[in-house]
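Only a predicted model underlies this, so the values are computations on that prediction, with no experimental measurement involved.
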Amino acid sequence: CSLSFFLSGLELSINDHAADFSISTLPGPPISLSCLVHNSSQEEELLWYRGDGKVDLKDGNRMNISNICVSPVTESDNGVAFSCRLARDTSIQVSVILDVHFLPELSGEELLHVEEEKDATLSCNTKSNPQAQATWYRNNNPLTLEQNYYHLYQTSEVFQLSITKVQKSDNGTYSCVVNSYLGERRKDFHLIVEDKKPVFPKEAVIAAAVVVSITIFFGIIAQKDKICKVQKAL
């Protein structure tokens, strides 16, 4: 007979949940998780896992009932599964997934110097849970998105504004603003459009180099002839 046959009817629960579940929370306050064995006729050892990593348990916190505390809860705990498993048959388990809600700490290069008629990209890192609504402002006014001039790109972690061939009129402060039920975050980006650098035609540069080289060459020959004439005269 298989081991599973002898363990039939035995189950585990976390915080009175016998099936997998999730807990919504905020960063900071600790979360206590209690795993309990049900329908067992003997003492059973329990194991805890954070994702695929085993949690170290103290003696006296393993048999029939086991408790762990996630403290403090952080953004890195979002989406992480904590599983309680039976030591002698780890297929008997129950898990809880932490759903940690947080606003993003906005980041990105704040000061951008871009040459006139070059493209500019402002990147605002906006990782949050749940994903927040992001909007761009220019000089504290909602940015009017002109077709083929402004381009938006957004993923779950970044919100980008690209400007095609910037002009001096694009100078200003651009603000990335994100909103969710948790509140609002804002980050300013200062775009400075610099004068376009003069571009010399490649052909003209090559021609100038050739002229200089020829001039130097004939100068050397002329100087050599002059020296030779002086020597003959002597």
Side-chain angles (χ1 to χ4, degrees), residues 15 17 20-33 50-51 69-82 95-202:
N15 293 8
H17 292 266
D20 295 348
F21 68 108
S22 65
I23 294 178
S24 294
T25 186
L26 298 174
I31 289 180
S32 296
L33 302 175
R50 184 188 189 276
C69 183
V70 184
S71 179
V73 174
T74 67
E75 296 173 10
S76 63
D77 293 315
N78 181 50
V80 174
F82 288 84
S95 299
V96 55
I97 297 177
L98 298 191
D99 180 26
V100 184
H101 291 191
F102 59 93
L103 267 174
E105 292 298 329
L106 302 185
S107 61
E109 188 177 355
E110 298 179 358
L111 183 62
L112 287 88
H113 293 265
V114 181
E115 186 181 332
E116 192 174 12
E117 294 190 6
K118 298 285 187 180
D119 294 345
T121 299
L122 291 75
S123 294
C124 183
N125 299 324
T126 57
K127 183 179 180 180
S128 63
N129 182 45
Q131 185 171 338
Q133 180 66 39
T135 309
W136 281 101
Y137 286 75
R138 180 171 182 264
N139 298 330
N140 293 320
N141 295 312
L143 185 64
T144 302
L145 298 177
E146 299 178 28
Q147 192 174 9
N148 299 324
Y149 192 63
Y150 295 116
H151 302 276
L152 296 181
Y153 172 76
Q154 185 171 12
T155 68
S156 60
E157 297 189 8
V158 68
F159 188 45
Q160 286 184 344
L161 170 67
S162 296
I163 307 174
T164 304
K165 295 183 178 180
V166 295
Q167 304 297 320
K168 285 296 184 69
S169 58
D170 292 313
N171 273 315
T173 299
Y174 294 78
S175 303
C176 172
V177 179
V178 297
N179 285 281
S180 80
Y181 81 94
L182 293 171
E184 179 180 288
R185 288 279 192 275
R186 179 189 186 101
K187 185 172 184 62
D188 293 335
F189 297 82
H190 305 288
L191 176 62
I192 299 174
V193 181
E194 300 177 337
D195 291 335
K196 185 177 179 181
K197 297 176 182 177
V199 178
F200 296 99
K202 184 178 180 181

Problem - Contacts of Phe21 that satisfy ring pair (Phe, Tyr, Trp, His ring centres under 6.0 Å) - sequence neighbours left out - result: His17

Exercise for the section: Evaluate side-chain contact (heavy atoms from CB on, under 4.5 Å) for Ile163 paired with Leu191, printing each intermediate quantity in order. Expected result: CA-CA 11 Å; Ile163 307 174; Leu191 176 62; 4.0 Å; yes

Fill in the blank from the handout: For residues 144-196, the disulfide (SG to SG under 2.5 Å) pairs (sequence neighbours left out) are Cys124-Cys176

Exercise for the section: Applying side-chain contact (heavy atoms from CB on, under 4.5 Å), name anything that partners Asp20, two or more places apart in sequence or on another chain. Expected result: Val94, Ser95

Handout entry: By side chain to side chain donor-acceptor pair (under 3.5 Å) - contacts of Ser71 (at least two apart)
Key = none

Handout entry: Minimum heavy-atom distance between Ala132 and Val178, given as atom pair plus value
Key = CB-CB, 4.0 Å

Exercise for the section: Output the distance between atom CD (Glu109) and atom NE2 (His190), rounded to the nearest 0.5 Å. Expected result: 12.0 Å

Exercise for the section: Could you name each residue pair satisfying salt bridge (Lys or Arg N to Asp or Glu O under 4.0 Å) that touches residues 160-180, not counting sequence neighbours? Expected result: Lys168-Asp195

Handout entry: Counterpart residues, side-chain contact (heavy atoms from CB on, under 4.5 Å), relative to Ser169 (two or more places apart)
Key = Gln167

Handout entry: Closest approach of Arg138 to Tyr174 (non-hydrogen atoms, all atoms of both residues)
Key = NE-OH, 2.9 Å

Handout entry: Check against side-chain contact (heavy atoms from CB on, under 4.5 Å), Ile192 and Leu111
Key = CA-CA 8 Å; Ile192 299 174; Leu111 183 62; 3.7 Å; yes

Practice task
Please lay out, stage by stage, how Thr74 and Val100 fare under the test side-chain contact (heavy atoms from CB on, under 4.5 Å).
Solution key: CA-CA 8 Å; Thr74 67; Val100 184; over 6 Å; no

Practice task
Enter the distance from Glu75:CD to Leu103:CG here, rounded to the nearest 0.5 Å.
Solution key: 9.0 Å

Exercise for the section: I would like to know whether Ser123 and Gln160 meet side chain to side chain donor-acceptor pair (under 3.5 Å); could you show each step before the answer? Expected result: CA-CA 4 Å; Ser123 294; Gln160 286 184 344; 2.9 Å; yes

Problem - Smallest separation among heavy atoms of Ser128 and Pro104, with atom names - result: CB-CD, 3.3 Å

Practice task
Provide the full list of ring pair (Phe, Tyr, Trp, His ring centres under 6.0 Å) pairs with a residue in residues 102-134, sequence neighbours left out, each pair given once.
Solution key: none

Exercise for the section: Report yes or no: does Ser180 contribute a side-chain atom to a donor-acceptor pair with the main-chain N or O of Leu182 at less than 3.5 Å? Expected result: yes

Practice task
Measure the spacing between CG of Asn139 and OH of Tyr137 and express it to the nearest 0.5 Å.
Solution key: 13.5 Å

Problem - Residue pair Asp119, Thr164: steps toward the side chain to side chain donor-acceptor pair (under 3.5 Å) verdict - result: CA-CA 5 Å; Asp119 294 345; Thr164 304; 4.7 Å; no

Fill in the blank from the handout: Interatomic distance, CD1@Ile97 vs CG@Asp77, rounded to 0.5 Å, equals 13.0 Å

Handout entry: Residue from Asn125, Thr126, Val177 passing side chain to side chain contact (heavy atoms under 4.5 Å, CB included) with Leu106
Key = Thr126

Handout entry: Under the side-chain contact (heavy atoms from CB on, under 4.5 Å) test, residues paired with Leu152 that sit two or more places apart
Key = Trp136, Leu145, Phe159, Leu161

Practice task
Using side chain to side chain donor-acceptor pair (under 3.5 Å) as the criterion, list what pairs up with Thr135, not counting sequence neighbours.
Solution key: none

Exercise for the section: Kindly give the heavy-atom pair with the smallest separation between Gly51 and Val80, and that separation in Å. Expected result: N-CG1, 4.3 Å

Handout entry: Gln133, CD: over 12 other non-hydrogen atoms inside 6.0 angstrom
Key = no

Exercise for the section: Not counting sequence neighbours, which residues clear salt bridge (Lys or Arg N to Asp or Glu O under 4.0 Å) with Glu116? List them please. Expected result: none

Problem - Listed once per pair and sorted, the salt bridge (Lys or Arg N to Asp or Glu O under 4.0 Å) pairs that draw on residues 180-193, sequence neighbours left out - result: Glu105-Arg185, Glu110-Lys187, Arg186-Asp188

Practice task
Provide the closest heavy-atom pair for Leu33 versus Ile31 in the form atom of the first, atom of the second, distance.
Solution key: CD2-CG2, 3.8 Å

Practice task
Begin from the C-alpha positions of Lys196 and Glu115 and carry the test salt bridge (charged side-chain N to carboxylate O under 4.0 Å, His left out) through to its verdict.
Solution key: CA-CA 6 Å; Lys196 185 177 179 181; Glu115 186 181 332; over 6 Å; no

Handout entry: Nearest non-hydrogen partners of Asn78 and Asn129, listed with the distance
Key = OD1-ND2, 3.1 Å

Problem - Test side-chain contact (heavy atoms from CB on, under 4.5 Å) applied to Ser24 - qualifying residues, sequence neighbours left out - result: Asp99, His101

Exercise for the section: Walk me through it: do Thr155 and Tyr153 pass the test side-chain contact (heavy atoms from CB on, under 4.5 Å)? Expected result: CA-CA 7 Å; Thr155 68; Tyr153 172 76; 3.3 Å; yes

